[in-house]
Amino acid sequence: MTERTCLAVVLAAGEGTRMRSALPKVLHPIGNEPLLAHVLRAVAGAGAADCVVVVGPDHDAVVKEAARVFPDAGIARQTHRLGTAHAVLAARDALERGFDDILVVFADTPLIQPSTLRRLRAALADGAAVAVAGFSPADPTGYGRLIIEKNRLVAIREHHDASAAEREIRLCNGGLMALDGRHALALLDRIGNANAKSEFYLTDAVVLAREAGLHAVAVEVEEDDVRGVNTKAQLAETESLLQQRLRQAALDAGVTMIAPETVFLSADTKLASDVTIEPYVFFGPGVTVEAGAVIHSFSHLTGAHIGEGAEVGPFARLRPGARMGKGAKLGNFVEMKAAVLEDGAKANHLAYIGDGRVGAGANIGAGTIFCNYDGAAKHRTEVGKGAFVGSNSALVAPVTIGDGAYIGSGSVITDDVPADSLALGRVRQVVKEGWASRLRSLKATGKKDPG
Ligand code: UD1
Ligand code: MG
């Protein structure tokens, strides 16, 4: 049997007024990825090779984000917000191309899982024309109620239109829907707006399907799958649920976390097995950690690659483009950006390594600064393999330190240093023997300069 084709229609035309933010609601992040991105990845994971994102007016940033995550996604614009069915019909061109399955999902429901979407698709494969995600929230106020008769879903009644008896129903519409592509357009085109809100309700597809002799089913799903985000408080709640999922997945993959509830992950964090993460570590976007590496407490990582068996922190900051090789070490109060610390290289204390390369086995002493910025442009620093940079040195880029070279502590290095040489860039020490005792005896006589 050939796989059924699937089009996802992602409704993202909602406003963000209750978020009290200038950012469109669906661009708010959880796990450092916009809500929309989570939904697009879920539909792709459920086998939707095609996708249309329905956006509101002035939503260019939403269009850009859709293209980033799902490059072939079509864009449809809904200029007036006339209801969920009206929004789906904005994707008419795509619907007319003919698909077996149409998935309708909301872009503000980021915890939807591919497996849940696949269950809705399976209901279509089993003969339903409409499959609706049903769930039983603690408080059903505001949701559409699923009206079931003789095990058949016969209608969805929106809260505003429901009778007192219907409002007693606990099983609610999660909002997600799968429609048989052969009937979808005909059903959608028949939906009217004679209801309390004068909106074209997608949910009316159920009763219309039934009238056409087709059948509709409800598929029960977890509340988290259909949890919508309308406020910053709900955004935070959803973030916390996502974090639980990400931590669980990391633990299942063999990562050791001593206090998982204190570790913050991004949706794209990649942790190999036998990575150890101490309490209170933050992973921003784009971090990969190879097997056996240890991330000590209070470290903050974004856009970084940590090699096998490497050690980070405590209190380390890795910014985008930081790459650590096998067994490399980056200790407390060290910041690294757009730089490579090759295999076995170390920077154990209080340093800034920006725009450069530290060769294998090299040692960067405490307090070393890569002076990469001259006020206008950034420049590179190269430290050769096995080199030793003494404590409190300033390496003024662009500058190259050869393999195996030594830099005396406290040096300001402005010129290249050849391999295996010693460079000193500081005032030579002067010793005046007896000076201190002369000072003390002068004090007794009232004179000033011990000479
Ligand atoms: C909808 C369902 C309701 C369900 C609830 C679950 C309908 C008619 N009702 O109600 O049964 O219990 O979700 O959360 O579908 N949108 C547009 N354009 C529009 C209208 C809406 O893009 O013209 C988008 C919104 O941005 C949102 C989604 O569709 O992402 C749902 O719209 P919303 O107004 O939140 O519907 P609810 O009243 O919550
Ligand atoms: Mg809603």
Side-chain angles (χ1 to χ4, degrees), residues 8-19 24-28 34-36 38-40 43 52-59 62-63 66 75-91 103-112 116 130-137 139-147 153 155-162 166-167 169-179 187-188 191-208 216 218-231 234-235 238:
V9 179
V10 179
L11 304 191
E15 297 139 43
T17 45
R18 287 177 65 205
M19 301 293 276
K25 178 167 80 176
V26 299
L27 295 185
H28 281 75
L35 301 179
L36 174 64
H38 289 273
V39 173
L40 290 175
V43 298
V52 174
V53 182
V54 179
V55 302
D58 306 323
H59 266 183
V62 177
V63 172
I75 300 294
R77 288 188 193 263
Q78 189 197 24
T79 38
H80 299 287
R81 212 173 178 277
L82 301 180
T84 41
H86 179 261
V88 177
L89 279 170
L103 277 174
V104 178
V105 295
F106 299 163
D108 62 358
T109 309
L111 298 181
I112 178 66
T116 304
V130 179
V132 171
F135 75 117
S136 305
D139 176 10
T141 310
Y143 290 109
R145 306 301 204 282
L146 301 190
I147 310 216
L153 175 63
I156 303 178
R157 193 82 69 236
E158 288 307 299
H159 184 86
H160 287 284
D161 302 293
E166 286 166 341
R167 286 186 183 181
I169 298 173
R170 316 281 319 171
L171 189 61
C172 292
N173 175 23
L176 301 173
M177 200 180 271
L179 298 152
L187 292 173
L188 290 164
I191 291 174
N193 66 347
N195 52 55
K197 285 162 82 183
S198 300
E199 280 191 7
F200 295 87
Y201 287 162
L202 175 63
T203 44
D204 284 349
V206 170
V207 74
L208 291 170
V219 173
E220 261 205 88
V221 305
E222 298 283 319
E223 182 164 5
D224 289 348
D225 272 301
V226 293
R227 193 181 281 276
V229 174
N230 297 303
T231 62
Q234 287 169 345
L235 184 73
T238 313

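Start at 1 with the first residue, then count along the sequence. It should be emphasised that the depicted structure is a prediction, and the values quoted were computed from it without experimental measurement. Counting starts at 1 for both ligands and their atoms, in listed order.
The proximity of Lys197 to ligand 1, defined as any non-hydrogen pair under 4.0 Å, is limited to the side chain. Of all the heavy atoms of Asn173, the ones lying under 4.0 Å from any atom of ligand 1 are found in both the backbone and the side chain. Residue contacts with ligand 1, taken as heavy atom pairs separated by less than 4.0 Å, involve Glu158 solely via side-chain atoms from C-beta onward.
To the nearest 0.5 angstrom, Thr203 atom OG1 is 8.0 Å from Asn195 atom CG. Rounding to the nearest 0.5 angstrom, the gap separating the CG atom in Asp224 from the CG atom in Leu111 is 6.0 Å. Note that CZ of Arg77 and OG1 of Thr79 are 10.0 Å apart. Values are rounded to the nearest 0.5 Å. Rounding to the nearest 0.5 angstrom, the gap separating the NE2 atom in His159 from the CZ atom in Arg167 is 4.0 Å. Separation of atoms NE2 (His59) and CD (Gln78) is listed at 11.0 Å; rounding is to 0.5 Å. Atom-to-atom distance recorded for Leu146:CG and Glu166:CD is 11.5 Å, nearest 0.5 angstrom.
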Between Phe200 and Val88, is the side-chain contact (heavy atoms from CB on, under 4.5 Å) condition met? List the steps.
CA-CA 10 Å; Phe200 295 87; Val88 177; over 6 Å; no

Where do Leu176 and Leu103 land on the side-chain contact (heavy atoms from CB on, under 4.5 Å) test, with the steps shown first?
CA-CA 8 Å; Leu176 301 173; Leu103 277 174; over 6 Å; no

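Close approach of ligand 1 to Gly144 (heavy-atom distance below 4.0 Å) involves ligand atoms 3 (C), 4 (C), 11 (O), 12 (O). Counting the atoms of ligand 1 from 1 in the order shown, those under 4.0 Å from a heavy atom of Gly174 are 6 (C). Every atom of ligand 1 with a heavy atom of Asp108 under 4.0 Å away is listed here by number and element: 30 (O).
Nearest protein heavy-atom contact of atom 34 (O) of ligand 1 is Arg81 NH2, 3.7 Å. Protein heavy atom at the shortest distance from atom 15 (O) of ligand 1 is Thr84 OG1, 2.9 Å. Atom 24 (C) of ligand 1 has Leu11 CB, 3.9 Å as its closest protein atom, hydrogens excluded (heavy atom only). The nearest heavy-atom contact from the protein to atom 22 (O) of ligand 1 is Ala13 CB, 3.1 Å.
Ligand 1 is never approached by Cys172 to a heavy-atom distance shorter than 4.0 Å. Put simply, part of Gln78 is less than 4.0 Å from ligand 1, judged by heavy atoms. The shortest heavy-atom distance from Leu82 to ligand 1 is under 4.0 Å. The shell of residues lying under 4.0 angstrom from ligand 1, judged by heavy atoms, excludes His160.
Here the shortest heavy-atom pairing between Pro24 and Val62 reads CB-CG2, 3.9 Å. In terms of heavy-atom proximity, Arg81 sits nearest to Ala13 at NE-O, 4.1 Å. Heavy-atom minimum distance, Ile156 versus Met177: CD1-CE, 4.3 Å. Smallest separation of non-hydrogen atoms from Val221 and Phe135: O-CB, 3.6 Å.
Below 3.5 Å of separation, one finds no N or O of His80 facing any N or O of ligand 1. Looking at ligand 1, you won't find any N or O of Ile156 less than 3.5 Å from one of its N or O atoms. Of the N or O atoms in Thr203, none lie within a sub-3.5 Å distance of an N or O in ligand 1. Considering both main-chain and side-chain atoms, Tyr201 never comes within under 3.5 Å of ligand 1 through any nitrogen or oxygen pair.
Residue Gly83 holds the heavy atom nearest to atom 20 (C) of ligand 1 of all those in Ala87, Gly142, Gly83. When the heavy-atom distances from atom 1 (C) of ligand 1 to Phe106, Phe135, Tyr143 are ranked, the shortest goes to Phe106.
For atom 36 (O) of ligand 1, no protein heavy-atom neighbour is present inside the 4.0 Å cut-off. Checking atom 39 (O) of ligand 1 against the protein gives no heavy-atom contact under 4.0 Å. Proximity of atom 9 (N) of ligand 1 to the protein is indicated by at least one non-hydrogen atom lying closer than 4.0 angstrom.
Residue Asp108 is tested with Leu36, Thr238, Asn230 for a side-chain contact (heavy atoms from CB on, under 4.5 Å); the sole match is Asn230.
The main-chain N or O of Lys25 is found under 3.5 Å from a side-chain atom of His28 such that the two form a donor-acceptor pair.
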